[in-house]
> 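One structure, as structure tokens, below. Some questions next.
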Amino acid sequence: MRQIRDMSIIEIDITNVCEKRCSNCTRFCGHHKKNFFMDMETFKRAVDSLQGYSGLVSIIGGEPLLHPEFHYFAEYLRLARGEQYIEMNDGRCKAIVKDYLAFAKEERWFEGTINKGKGYSLFTSMPKTYYEYYEDIEDTVTNLWLNDHTNPSFHQPILVSRKDLGISDEQFEVLRDKCWLQNFWSASITPKGVFFCEIAGTLDLLFHGSGGKKIEPGWWNKDIMEYKDQFHWCDICGMALKTYSRNANEEIDDASLTLMKKLKQIDSPKLKNKKVYHFNINNVVKENDSNIGLDMGTLTAKYLSDVKRVGELTDNLKPQNIYLGVTVSSEKDIDKLRMLIDRNKKNVSGFCVVVLPDLIKQCQEMLTKQECYFKVIQVDEIPTTMGGRLNLYVNQLEKQDWVLLGEGDILQTNFAERISQYFLNPGYLFVVESGNDKFVMVSKMALTLKKSGFDRIQRCILCDDIIRLWGRKTCTLDEHFEQHPDMDISYFRELIKRNYEHDIAFQYCMKEHLRKQGAMEGNILLLQSAFVYHTLGIYQILKRFGYHVYILSSRKFEKYFDDYIPGQDVIYFEQNAFGYALQGEIRRKIKEKLTFTGSIVPFSFGPSTVKHIDDYTDALRTAEDISGKILGIINIRREFIEPEYDIWDDNAK
């Protein structure tokens, strides 16, 4: 088993409420007759208990964004974290991106690397409340996993008793200790205490168990055997067994006879709705079947690619309407409004017009004739300040609407249509430049609005006052905003370089390790088998020590090495990941051309050892075959670690 302190992640279960009823859900959504929401005091104790833990703290459900206090949970996480974390922010990517999935992946790679594997993780199926918490998520979460389950994903049966399958105590003890989920994944905290394994925690909730151990500082640092009294949950969990996985979208659970009886005892709604099938061991490993696939323990890191995790639901995170805010206090202003409409009808979704009572009829008639979409706000007195008018506009907006106001007459051509193709962080204020004209664009969801309050916003006289109020959460959109890349990779590479170069302890450890290996000079092979920024950081240190470093990487990472590492020093293969059996030819060509002192293998996770289930076997075999010697495996915590198994033994699993 994996020691809890060595796990890369520990999860906090804040609710079992979910809009989904996925097959074989680890939280058993659909089986509970009563929903729970973790209270704030328990959440604080959970977060505080993890002080000193070196991995990710994950917020999970059910659907965590359906918890009514998620905003306050996020605030407390930021308070607990303090300012020691370095955020991925090049001045633009936190505010606006064309590809949100790619950004989330890049953020995981960068922040996981620069913060040594620490941070906050969130697993979400992107419910309708996502947009309400968009800013909180981007301010808090360093490891964002989106999966709206619109595409097939496969979940292994959990509700399976090994005794129903005739597996003896002796046999199961071996299987349990090698369980892919406990070794590869997470311990957990629920409202009922702490558990050595997340499934033990959710089974305890489902079947009204006696609860976990006390939520207290350092619980995660205790020896795993101190949790032996929780191992009985493993007897009714199928995760340690090599079985099969069912398409989550079927919404069907597989349960063996013992678990069927237990579900009946708790009056499971999902069982009553005939959404539980008898577990059938004959459904094993039907790789090409659309409903039954490989078990998750076999799939591990290949479980589901980022591009398949989300379907059309991402459109719910894009702007819906972009309004231009206008005030009408005289007939002269009606003429000006007519001019603004004529110039901007194709540049915005509509117009949000603040008008005095005696002009409202005339104003509405003109707007109707112009055949444009509009919202009219009747007031007895028009505020004299820009902030006062902003207060009026935002009260008329829907959740995904934005309003523009400013000092100018004409916006960028087709601005609304163009900007609506992007994901905009509603917490940001966007300064939209159009020739000599300047506008600010604001969402009603911005936390700055809520924190500042009506009166403080009211006192903002000009656009520049509003901009100052938003501070660092300001992003300028010039007329060529579409030509700028989502993320400035060169900027992030330089941040990583400085971060690794300033880590004197890591440099000393690496130098001593290589000295003990007798590798004081020569060529070193560096495998791109981890977070790519982790690889780049190690590359810079090795170069600084005077080694000639060659990188072996999948072609999909080419943009990270271009214009940064000499082209002849990077060797690419076409597969998405290391596949030892498939890559014999490229290994042969490298060995014919180059000789190495040895190889370094970066590791994306934080444990102090590499288990077979960690899916690095092919990379390790490749490293040893080409270079003759693995000089070191370096985890994301920047520690040298060792495999727990013979990498050439196919029976090691």
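One-based numbering along the sequence shown. All values derive from a computational prediction rather than experimental measurement.
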> Is the backbone of Asn24 close enough, under 3.5 Å, to the side chain of Asp253 for a donor and an acceptor to pair up by distance?
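Judged by distance alone, yes, a pair lies under 3.5 Å.
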
> Return the CG to CG distance between Leu165 and Leu241, rounded to the nearest 0.5 Å.
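One finds 6.0 Å between CG of Leu165 and CG of Leu241.
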
> Of the non-hydrogen atoms in Asn247 and Phe154, which two are nearest, and what is the gap between them?
N-CD2, 3.5 Å

> With distance as the sole criterion, is a donor-acceptor pair present between the side chains of Ser554 and Asn576 under 3.5 Å?
no

> Would you say Arg108's side chain and Thr142's backbone share a donor-acceptor pair under 3.5 angstrom?
no

> Take the angle between the ring planes of Phe73 and Phe43 and call it parallel below 30°, perpendicular above 60°, tilted in between.
parallel

> Only one of Lys163, Arg176, Arg162 passes salt bridge (Lys or Arg N to Asp or Glu O under 4.0 Å) with Asp169; say which it is.
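Result: among Lys163, Arg176, Arg162, Arg162 is the only option passing the salt bridge (Lys or Arg N to Asp or Glu O under 4.0 Å) with Asp169.
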
> Please examine the side chains of Glu138 and Glu107, heavy atoms only from C-beta on, and report whether any two atoms are closer than 4.5 Å.
yes

> Keeping Trp180 on the side-chain end and Lys242 on the backbone end, is there a donor-acceptor pair under 3.5 Å?
no

> Does any donor atom in the side chain of Tyr645 or Thr617 lie under 3.5 Å from an acceptor atom in the other side chain?
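Yes.
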
> Strictly below 4.0 Å, N to O, side chains only: are Lys116 and Glu111 in salt-bridge contact?
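Glu111 and Lys116: not salt-bridged.
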
> Might you point out which heavy atoms bring Pro127 and Thr124 nearest each other, and give the distance in Å?
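It is CD-OG1, 3.4 Å.
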
> Do Leu620 and Ile633 have side-chain heavy atoms sitting under 4.5 Å apart?
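Counting from C-beta outward, Leu620 and Ile633 do come under 4.5 Å.
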
> Can you say whether the rings of Phe110 and Tyr533 are parallel (under 30°), tilted (30 to 60°) or perpendicular (over 60°)?
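Phe110 vs Tyr533 ring planes: perpendicular.
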
> Is there a side-chain contact between Phe506 and Ile634 in this structure, where contact means two heavy atoms from C-beta onward sitting under 4.5 Å apart?
yes

> Could you tell me whether the side chain of Ile189 reaches within less than 4.5 Å of the side chain of Arg45, counting heavy atoms only?
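Not in contact.
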
> Do you see a donor-acceptor pair shorter than 3.5 Å between the side chains of Tyr244 and Asn280?
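Result is no, nothing qualifies.
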
> For the pair His513 (side chain) and Leu631 (backbone), establish whether a donor and an acceptor sit closer than 3.5 Å, ignoring hydrogens and angles.
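Pair found, side chain donor or acceptor close to backbone of Leu631.
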
> When you compare the side chain of Gln507 with that of Lys511, does any pair of heavy atoms fall below 4.5 Å?
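Counting from C-beta outward, Lys511 and Gln507 never come under 4.5 Å.
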
> Which residue, Leu122, Ile137, Val47, Asp13, forms the side chain to side chain contact (heavy atoms under 4.5 Å, CB included) with Ile59?
Leu122

> Is the shortest side-chain heavy-atom distance between Ile236 and Phe207 below 4.5 Å?
yes

> Testing the 3.5 Å rule here: is there a donor-acceptor pair between the side chains of Arg637 and Ser54?
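Result is no, nothing qualifies.
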
> Assess the side chains of Gln171 and Ser168: does a donor N or O sit below 3.5 Å from an acceptor N or O?
yes

> Can you measure from CD (Glu512) to CE (Met510) and round to the nearest 0.5 angstrom?
12.5 Å

> Do the side chains of Lys33 and Asp267 get close enough for a salt bridge, i.e. N-O under 4.0 angstrom?
yes

> For Glu639, is there any backbone N or O sitting under 3.5 Å from a side-chain donor or acceptor partner on Asn635?
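Pair found, side chain donor or acceptor close to backbone of Glu639.
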
> Considering non-hydrogen atoms only, spot the tightest contact between Phe196 and Cys234 and give its length.
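Scanning both residues completely, I find the closest heavy atoms to be CZ-SG, 3.7 Å.
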
> What distance do Ile199 atom CD1 and Arg27 atom CZ have between them, rounded to the nearest 0.5 Å?
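So the CD1 of Ile199 and the CZ of Arg27 are separated by 6.0 Å.
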
> To the nearest 0.5 Å, what is the distance between CG (Leu203) and OG1 (Thr26)?
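One finds 10.0 Å between CG of Leu203 and OG1 of Thr26.
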
> Are the side chain of Lys275 and the backbone of Pro269 linked by a donor-acceptor contact shorter than 3.5 Å?
no

> Decide whether a cation-pi geometry holds between Lys611 and Phe184; the criteria are a distance under 6.0 Å from NZ or CZ to the six-membered ring centre and an angle within 45° of the ring axis.
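Relative to the ring axis of Phe184, which defines the angle, Lys611 lies outside at least one limit.
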
> Between Glu644 and Thr609, does any side-chain donor sit less than 3.5 Å from a side-chain acceptor?
yes

> Would you find a donor on one side and an acceptor on the other, under 3.5 Å apart, between the side chain of Asp39 and the backbone of Thr42?
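Judged by distance alone, yes, a pair lies under 3.5 Å.
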
> Short question: side chain of Ser121, backbone of Asn143 - any donor-acceptor pair under 3.5 Å?
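Yes; judged by distance alone, with no hydrogens or angles, the pair exists.
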
> Run the salt-bridge test on Arg2 and Asp614 with the 4.0 Å N-O cut-off and return the result as yes or no.
yes

> Is any side-chain heavy atom of Ile60 less than 4.5 Å from a side-chain heavy atom of Ile14?
no

> Consider only side-chain N and O atoms of Trp219 and Glu226, and report whether a donor and an acceptor are under 3.5 Å apart.
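Note: Trp219 and Glu226 side chains miss the donor-acceptor criterion.
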
> Would you say Asp503 and Tyr508 are linked by a side-chain donor-acceptor pair, where the criterion is simply a distance under 3.5 Å?
no

> Scan side-chain atoms only and decide if Ser125 and Glu63 contain a donor-acceptor pair under the 3.5 Å cut-off.
yes

> Apply side-chain contact (heavy atoms from CB on, under 4.5 Å) to Arg246 and His155, showing your working.
CA-CA 5 Å; Arg246 184 180 293 280; His155 294 173; over 6 Å; no

> Can you tell me if Phe640 has over 12 outside heavy atoms packed within less than 6.0 Å of its CZ?
yes

> At what distance, to the nearest 0.5 angstrom, does CZ of Phe231 lie from CG of Asp229?
8.5 Å

> If you take all heavy atoms of Trp185 and Glu11, which pair is closest and at what distance?
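The answer is NE1-OE2, 3.2 Å.
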
> Is it the case that Gln528 and Thr535 place a side-chain donor and acceptor less than 3.5 Å from each other?
yes

> Before accepting this row, confirm whether a basic side-chain N of the pair Glu501/Arg498 lies closer than 4.0 Å to the acidic partner's carboxylate O.
no

> Mind running salt bridge (Lys or Arg N to Asp or Glu O under 4.0 Å) on Arg78 and Asp136 for me, showing each step along the way?
CA-CA 10 Å; Arg78 295 194 293 270; Asp136 269 321; 3.1 Å; yes

> Is it true that, when you exclude Tyr85 itself, more than 12 heavy atoms of the residues, nucleotides or ligands shown sit nearer than 6.0 Å to its OH?
yes

> State whether the side chain of Asp164 and the backbone N or O of Thr258 hold a donor-acceptor pair below 3.5 Å, judged by distance alone.
yes

> Do Lys94 and Asp139 sit within salt-bridge range, that is, some charged N less than 4.0 Å from a carboxylate O?
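Answer for the salt bridge query: no.
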
> For the residue pair Lys213 and Phe195, would you count it as a cation-pi contact if the rule is NZ or CZ under 6.0 angstrom from the ring centre and within 45 degrees of the ring axis?
no

> Taking atom CD of Glu69 and atom CE of Met38, what is their separation to the nearest 0.5 Å?
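Rounded to the nearest 0.5 Å, the CD-CE separation comes to 11.5 Å.
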
> Check whether any side-chain N or O of Gln156 sits under 3.5 Å from a backbone N or O of Gly238 as a donor-acceptor pair, and report yes or no.
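Yes, Gln156 side chain to Gly238 backbone: donor-acceptor pair under 3.5 Å.
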
> Quick one about Ser553 and Tyr560 (side-chain donor to acceptor, distance below 3.5 Å, no hydrogens or angles considered), yes or no?
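No pair is found: no donor N or O on one side chain lies under 3.5 Å from an acceptor on the other.
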
> List the atom of Ser8, the atom of Pro607, and the distance in Å for their closest heavy-atom pair.
OG-CD, 3.1 Å

> May I have all residue pairs that pass ring-ring contact (aromatic ring centres under 6.0 Å, His included) and include part of residues 9-41, sequence neighbours excluded?
Phe37-His67

> Would you call Arg621 and Asp650 a salt bridge, taking side-chain N to carboxylate O under 4.0 Å as the test?
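Judged by the 4.0 Å cut-off on N to carboxylate O distance, Arg621 and Asp650 do form a salt bridge.
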
> Can you tell if the side chain of Ser529 reaches within under 4.5 Å of the side chain of Tyr616, non-hydrogen atoms only?
yes

